[in-house]
Amino acid sequence: MKNNVPAFLLSRPSYEPRNFDKGRLKTSFIEKGIHHAAQIIQTGYVNWETASKDDFFQGIDARVKVIFLLFYIIIVSLKNDLISEVLIGVFVFILSIVASLNIFSFYKRVIFFSFIFGFLAAAPSALNIITKGHIILPLFHLSSAHHLWIYQIPQEIGLTKEGIYGVSMLTLRCMNSLSISLFVLNTTTFPDIIKALKAMLVTDAFLMVITLSYKYIFIFAKIVEDMHLAKKSRLVGQMSAVDGRRWAAGRIAFMFKKTTLRCEEIMKAMLSRGFSDNIKIYGARKLCLKDWTSGAILLLIGMIFLYI
Amino acid sequence: MEDIIRLNNICYSYYGRIHAVSDISLAVKKGERFAIIGTNGSGKSTLLQIMNGLIHQTSGTYHFKDLEVTENTLKNKGFLRFFRENIGYVFQDSDVQLFCPTVLDELIYGPLQLELNEGVALDRAFEVMKMLQIETLKDRPSYMLSGGEKKKVAIGSILTMNPDILLLDEPTNGLDPRTQCFLVELMLNLSDAGKTLVIATHDLSLVDELHARVALLSEEHKIEKIGDCDEILKDLDLLLKVNLIHEHIHFHGNIHHRHILSHNLSHKHEKD
């Protein structure tokens, strides 16, 4: 190549620092969103690290843990009193400590989702408009009772004892189900869960879809993060909201295109390695004494919860 | 020559757990060709991203032209502009770098960010396209380009901003020999034009061709040695220690050879 460097490349940007008093940049909504997307990788890594620890619960076979998960979720759904639900909650809490989980981040997630899907969804049913019963906390007093379509709005509106009980039950069930599920996910690596599901005769197609999805969530989260860094490296000031949305839309289209192409390549790669609608997973090891013992203990404790 | 980039005891770990670089201290001088070499995963790309202010060190200090670069200082609009117009970064994966609808849009994006008027931006774009021999691609979207073309566009998109320092992450990786040769000549031309080049690579022949000053990273993510190209590339024990070269067995006809495989500096045959 001849040395045909354009003249403008020979002129040098001034090294003198400019006036740096130009105000400060704010983090845009899109940037925050991308940071959260990138955190998927971090969460995945932290989960994998916790699940790979050499602690007692991590060492139990995944099949035992998956059966434990299903059995205890059934118990949580069958129980109809607060005491049992609280006891199950305490039991899972103790297990989390034994498994050396990060209790703060673990319960932060449990409480956040239980609040949204348990408490908020059920909260209106605590009112006497929905659940009839003894009002223990009056909220409004209307001049007279009203009849609205199928609803009878009483003169006094408030929280009923029965309603609060129902909301508490639902929130606790949600919290317990979530904590048991997250507990198993945090103490078992993803490949082990897949092996356990395969051993329990879960359909191959379903396992293949979740395995590939799980893997590609990480790959694409990494690509999104890199694309963001590439944009940042060429961005001199702040991107306007409109430009930010335009960039995000362009990148989504690019990702879609890339995903479609990648999907075809993966299928070809699978076929070339002998894929024929059936996943053959290596290494369903024999259950050892530790697995049988811990399985039996969990079963026994579950039975006690069922009968108290 | 003055130091443009100065890193002191830089450490960085991903997610606070995986160590990427550890206790790195180095200085890049104005106008020099500087290569960061090491095995895969030794922290070369991380170091370039720190130099470009895309990620921030967990400890240590980074000075660019005697001004400290931190997450906080880069939030200052004036400093950010000063910093970005001086340092350009070419990513290893061109796909992530190209985000505009066409090649031409890609090339004028940077100058428009620098608030140059559209005429000047277009002039720059056409001059760079001519230099890179990609004029015929100007209306093509990036996903319709070959690997080599993408790399040229990615480099062009940075050159139109006319940065004084170019950070290049594995610039010749995955390219055919002709495109590799083109890029090496381009880098030498840019260096002759006064640009400072910082290259992260494990391609020892590239380092040799550029005759760059070298920082060698170990697999422990630390600086093993900083020195001249010849001094480092000829030290086969050092290169073996950091696993950049290895012993290799091959055949010449019926003769069986075992020798150290490096770029082109060593091909000492020993009859087994």
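Protein chains get the first letters and strands the later ones, always in sequence-line order, with residue 1 at the start of each. Just so you know, these numbers use all the heavy atoms, side chains as well, and skip hydrogens, waters and symmetry mates.
- The local environment of OH in B:Y14 is crowded, with over 12 non-hydrogen atoms from other residues, nucleotides or ligands closer than 6.0 Å.
- Residue A:S233 comes nearest to B:N52 through the heavy atom pair CB-OD1, 3.0 Å, listed as atom of the first residue, atom of the second, then distance.
- Sparse packing is recorded around NZ of A:K108, with 12 or fewer heavy atoms of other residues, nucleotides or ligands lying under 6.0 Å away.
- Interface remark: B:L167 contributes no atoms to any contact with chain A (heavy atom separation under 4.5 Å).
- The nearest pair of heavy atoms linking A:L9 to B:L159 is CD2-O, 3.3 Å.
- Proximity to chain A (any heavy atom under 4.5 Å) is shown, for B:L188, by neither the backbone nor the side chain.
- Using a 4.5 Å heavy-atom threshold, the side chains of B:F99 and A:R251 count as touching.
- Annotation for B:H56: atom NE2 counts as buried by contact number, over 12 foreign heavy atoms lying within 6.0 Å.
- The two residues A:P6 and B:V128 come nearest to each other via the heavy atoms CG-N, 4.3 Å.
- Both the backbone and the side chain of A:R234 have a heavy atom closer than 4.5 Å to some heavy atom of chain B.
- Interface residue B:S157: backbone and side-chain heavy atoms are both found under 4.5 Å from chain A.
- Of the residues considered (B:T73, B:L190, B:D66, B:I18), B:I18 shows the highest number of contacts with chain A, using heavy-atom pairs under 4.5 Å.
- Interface remark: B:N72 contributes backbone and side-chain atoms alike to the contact with chain A (heavy atom separation under 4.5 Å).
- Listed options B:Q49, B:R124, B:Q97 were ranked by heavy-atom pairs under 4.5 angstrom with chain A; first place goes to B:R124.
- Among residues two or more places apart in sequence or in another chain, the salt bridge (charged side-chain N to carboxylate O under 4.0 Å, His left out) test is passed with A:R246 by A:D243.
- Both the backbone and the side chain of B:D95 have a heavy atom closer than 4.5 Å to some heavy atom of chain A.
- Pairing each heavy atom of A:K232 with each of B:L54, the nearest pair is NZ-O, 3.4 Å.
- Residue A:K290 places its NZ atom among more than 12 non-hydrogen atoms of other residues, nucleotides or ligands, all under 6.0 Å distant.
- Contact annotation: the side chain of A:L235 never approaches that of B:R84 to less than 4.5 Å [non-hydrogen atoms, C-beta and beyond].
- Interface summary for chain A: among B:L98, B:I55, B:I158, the most heavy-atom pairs under 4.5 angstrom belong to B:L98.
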